[in-house]
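Since we're looking at a predicted model, the values are computed, not measured. Read the numbers this way: they start at 1 and go in the same order the structure lists the ligands and their atoms.
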Amino acid sequence: MSEKIIAPKGLAGVVTDETTISKVMPEINSLVYRGYKVQDLAENCSFEEVAYLMTHIDLPNQEQLDAFSQTEKNYRDLSDDLLAVIQKFPKNAHPMDTLRTAVSFIGMEDARIWDDSPETNMDKFLSLLAKIPSAIAAAYRHSKGLEYITPNKELSMSENFFHMCFGKVPAPEVVKAFDVSLTLYAEHSFNASTFTTRVITSTTSDIYSAVCGGIGALKGPLHGGANEQVMHMLKEVGDPAVARDWMLTALAEKKKVMGFGHRVYRKGDSRVPTMKKYTEKMADFTGEKKWLEIANILEETMISEKGIYPNLDFPAGPAYFMMGFEIDMFTPIFVMSRITGWCAHIMEQQANNRIIRPLSDYVGEGERSVLSINKR
Ligand code: COA
């Protein structure tokens with residue numbers, strides 16, 4: 001083996017492998033999926049087209065998209081067994097925990113679990129893409145003591161998710177804002193959850209295990225869980241008149257303010273302007289201006305005091321709130337989208353695999369002898 005390389009804490013700045021899926025360019029505040037700017041994809045494509053792009057390298061033509069969408073729609077139903085299991089979930093369980101359990105169950109139901117051929121994995125991906133929103137909606141309805149709503153296979157993915165959660169499809173402006181958020185959340189190179197899925201895949205474990213690991217990593221407030229914390233924070237601030245002082249106090253107390261900062265972007269997250277535009281549209285649509293007013297003051301204060309910029313979770317949190325979602329649904333919605341990036345990375349890892357197994361620098365006790373229990 002070659003010489004030891006001491007990596008910085010948190011692997012900051014370390015390149016661990018190649019990828020063809022996305023490129024983050026912090027120097028020009030840009031993110032591309034398979035060569036396309038994420039802003040262009042968000043404005044011009046449906047989330048289904050982006051999901052196809054992620055796993056098929058190119059954007060689909062109409063025929064390819066129709067076939068892809070039809071397969072996704074056909075997979076939206078959950079089995080009766082899974083629906084029965086969801087009825088047993090504690091009503092106050094966090095939706096990320098219920099989702100992790102549902103994905104694990106879906107894996108157990110798949111007889112092809114050890115078949116990791118590219119064709120089977122693509123099919124498993126489509127099944128997860130379709131079933132994850134159904135599982136989120138089913139667990140949400142159960143937690144509220146409401147009847148399960150079956151998927152509507154005439155609707156787009158975003159429309160169907162609203163239908164399964166709330167029993168109706170909202171105005172096109174709301175659906176578009178939601179769809180845009182899914183596109184923006186779909187992929188972001190070797191972030192913590194994606195890296196987790198690649199580590200699990202590198203052991204030649206199965207796709208469902210990798211996705212369960214990804215969900216666990218995404219749940220953390222330093223990663224995907226931040227979109228929930230942003231909304232809790234906006235509610236805690238409560239009033240634009242106190243927002244500046246709230247931020248100054250938080251900074252004086254050296255608090256980590258949720259929705260700000262990024263390991264890769266130092267001068268702003270390329271996804272934020274697009275999401276912010278659609279959060280503003282949500283504020284216009286609902287007439288709920290307060291959240292954006294508070295958010296804008298927090299942002300200005302953070303940038304002027306510390307030079308730290310908001311990340312995508314900052315505008316996404318209030319957008320989802322204004323769409324009517326409970327705060328603890330925000331990170332599961334992130335999973336609905338990031339499943340595309342995760343599965344693309346899982347398949348890329350499988351295609352050119354070497355087990356990911358770093359070393360550690362032992363700094364514990366020196367060598368010592370074991371004394372029998374009566375001599376200790
Ligand atoms: N609030 C306050 N200060 C922050 C901050 C935040 N959200 N994010 C970074 N900083 C400060 C750090 O305290 C540090 O200051 P110091 O040099 O005086 O110690 C400096 O900025 C550099 O941050 P660092 O901790 O090195 O960043 P990181 O790359 O290790 O962590 C995050 C990146 C995203 C985990 C971090 O910015 C964070 O915790 N953000 C809040 C959670 C969040 O929004 N996560 C979603 C990410 S998409």
Going by atom types only, do R354 and S202 share a side-chain donor-acceptor pair under 3.5 Å? no
Taking all non-hydrogen atoms of both residues into account, name the closest pair between P310 and E299 and its distance. CG-CD, 3.6 Å
Using protein heavy atoms only, decide if any is under 4.0 Å from atom 47 (C) of ligand 1. yes
So, are D284 and K289 salt-bridged, with charged N and O less than 4.0 Å apart? yes
If you scan protein heavy atoms around atom 15 (O) of ligand 1, the nearest is K306 NZ, 5.0 Å
Could you verify whether a donor N or O on one side chain and an acceptor N or O on the other, from D110 and Y208, lie under 3.5 Å apart? yes
Sub-4.0 Å protein heavy atom next to atom 41 (C) of ligand 1: yes
Among protein heavy atoms, which sits nearest to atom 45 (N) of ligand 1, and what does the distance come to when rounded to 0.1 Å? L222 O, 3.0 Å
Are F125 and Y75 near enough that their ring centres are under 6.0 Å apart? no
For atom 24 (P) of ligand 1, is there a protein heavy atom at a distance under 4.0 Å? no
Only counting residues at least two apart or in another chain, list the ones meeting ring-ring contact (aromatic ring centres under 6.0 Å, His included) with H262. H188, Y265
Look up atom 30 (O) of ligand 1 and tell me if a protein heavy atom lies less than 4.0 Å from it? yes
Distance only, no hydrogens: is a donor on one side chain within 3.5 Å (strictly under) of an acceptor on the other, for E187 and S22? yes
Under 3.5 Å, N or O to N or O, is F260 touching ligand 1 that way? yes
Any salt bridge linking K124 with D206? Criterion: basic side-chain nitrogen under 4.0 Å from a carboxylate oxygen. no
The closest protein heavy-atom partner of atom 1 (N) of ligand 1 is V257 N, 2.8 Å
For ligand 1, which atoms sit closer than 4.0 Å to a heavy atom of M302? 1 (N), 2 (C)
Distance under 4.0 Å to a non-hydrogen atom of A226: what atoms of ligand 1 satisfy this? 43 (C), 44 (O), 45 (N), 46 (C)
Nearest non-hydrogen protein atom to atom 34 (C) of ligand 1, with distance, is G261 O, 3.8 Å
Pairs meeting criterion ring-ring contact (aromatic ring centres under 6.0 Å, His included) with involvement of residues 333-359, two or more places apart: Y185-F334, F190-H345
For atom 33 (C) of ligand 1, what's the nearest protein heavy-atom neighbour? Residue, atom name and distance, please. R263 N, 3.8 Å
Under 4.0 Å to a heavy atom of G259 - the qualifying atoms of ligand 1, by number: 43 (C), 44 (O)
In plain terms, say whether R198 and E348 are close enough for a salt bridge, that is, a side-chain N and a carboxylate O under 4.0 Å apart. yes
For atom 8 (N) of ligand 1, which of the options H188, H223, K256 provides the nearest non-hydrogen atom? K256
What part of D313, side chain from CB on, backbone N/CA/C/O, both or neither, has a heavy atom under 4.0 Å from ligand 1? side chain
Write out the residue and atom name of the closest protein heavy atom to atom 22 (C) of ligand 1, then the distance separating them to 0.1 Å. R266 NH1, 4.0 Å
Is there a protein heavy atom at a distance of less than 4.0 Å from atom 17 (O) of ligand 1? no
Heavy-atom contacts under 4.0 Å between I308 and ligand 1: side chain, backbone, both, or neither? side chain
Considering distance alone, does some N or O of N311 sit under 3.5 Å from an N or O of ligand 1? yes
Verify the contact flag for atom 4 (C) of ligand 1, where contact means a protein heavy atom under 4.0 Å away. yes
Is the centre of the F325 ring less than 6.0 Å from the centre of the F330 ring? no
Numbering the atoms of ligand 1 from 1, which are under 4.0 Å from a heavy atom of K255? 1 (N), 2 (C)
Report yes if some heavy atom in the side chain of V103 is under 4.5 Å from a heavy atom in the side chain of I132; otherwise report no. yes
Contacting atoms of ligand 1, where contact means under 4.0 angstrom from a heavy atom of P221: 42 (C), 45 (N)
Derivation and outcome, side-chain contact (heavy atoms from CB on, under 4.5 Å), residues I21 and M54: CA-CA 7 Å; I21 302 165; M54 210 63 79; 3.9 Å; yes
